[in-house]
Amino acid sequence: MGPVAVNDNSARAKPCPICGKPSEAHWQPFCSKRCADVDLNRWLSGRYAIPAHDDDPDNGAADADPSDDEPRRPPEG
């Protein structure tokens, strides 16, 4: 019996998320250094972002301090 390849993912390898070519083990999950650098640039430039929105419209009102609109007075004494 011959040697068995361990972690041979070539048949199940996902394509490169940047260009769609088969990914290379050295640059996983990318196919090359170029695609890895393109992805890094997208992260650093803020292109990848998770949109945030407030699902609870009352949340902002509960956090607001109504006394912030009144002028501050020094303590008496």
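Values below: every heavy atom of this structure, side chains too, minus hydrogens, waters and symmetry copies.
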Student: Please name the pair of heavy atoms, one in Pro15 and one in Gly20, separated by the smallest distance, quoted to 0.1 Å.
Tutor: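 So the two residues come closest at CB-O, 3.4 Å.
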
Student: Which pair of non-hydrogen atoms, one from Glu24 and one from Cys31, has the smallest distance, and what is that distance?
Tutor: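 Heavy atoms of Glu24 and Cys31 come nearest at CG-O, 3.1 Å.
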
Student: So does Lys14 get a backbone contact from the side chain of Ser23, meaning a donor-acceptor N/O pair under 3.5 Å?
Tutor: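 Checked: pair present.
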
Student: Lys33: what forms a salt bridge (charged side-chain N to carboxylate O under 4.0 Å, His left out) with it, not counting sequence neighbours?
Tutor: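 Salt bridge (charged side-chain N to carboxylate O under 4.0 Å, His left out) check on Lys33 returns Asp37.
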
Student: Considering residues, nucleotides and ligands other than Arg34, do more than 12 of their heavy atoms fall under 6.0 Å from its CZ?
Tutor: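 No, because the 6.0 Å sphere around CZ of Arg34 holds 12 heavy atoms or fewer from other groups.
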
Student: Can you list every ring pair (Phe, Tyr, Trp, His ring centres under 6.0 Å) pair that touches residues 19-39, not counting sequence neighbours?
Tutor: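 Passing the test, one end in residues 19-39: no pairs.
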
Student: Answer yes if Leu44 and Ile18 sit in the same cluster of Ile, Leu, Val, Met, Phe, Trp and Tyr residues linked by side chain heavy atoms under 4.5 Å apart, and no otherwise.
Tutor: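 As far as the 4.5 Å side-chain criterion goes, Ile18 and Leu44 are not connected within one cluster.
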
Student: Please list, one pair per line, the donor and acceptor atoms closer than 3.5 Å that link side chains of residues 46-53 to other protein atoms, with sequence neighbours excluded.
Tutor:
| residue | atom | partner | partner atom | Å |
| --- | --- | --- | --- | --- |
| Tyr48 | OH | Asp39 | OD1 | 2.9 |
| His53 | ND1 | Asp55 | OD1 | 2.8 |

Student: Please report the interatomic distance NZ(Lys21) to SG(Cys16), rounded to the nearest 0.5 Å.
Tutor: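 That separation rounds to 8.5 Å.
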
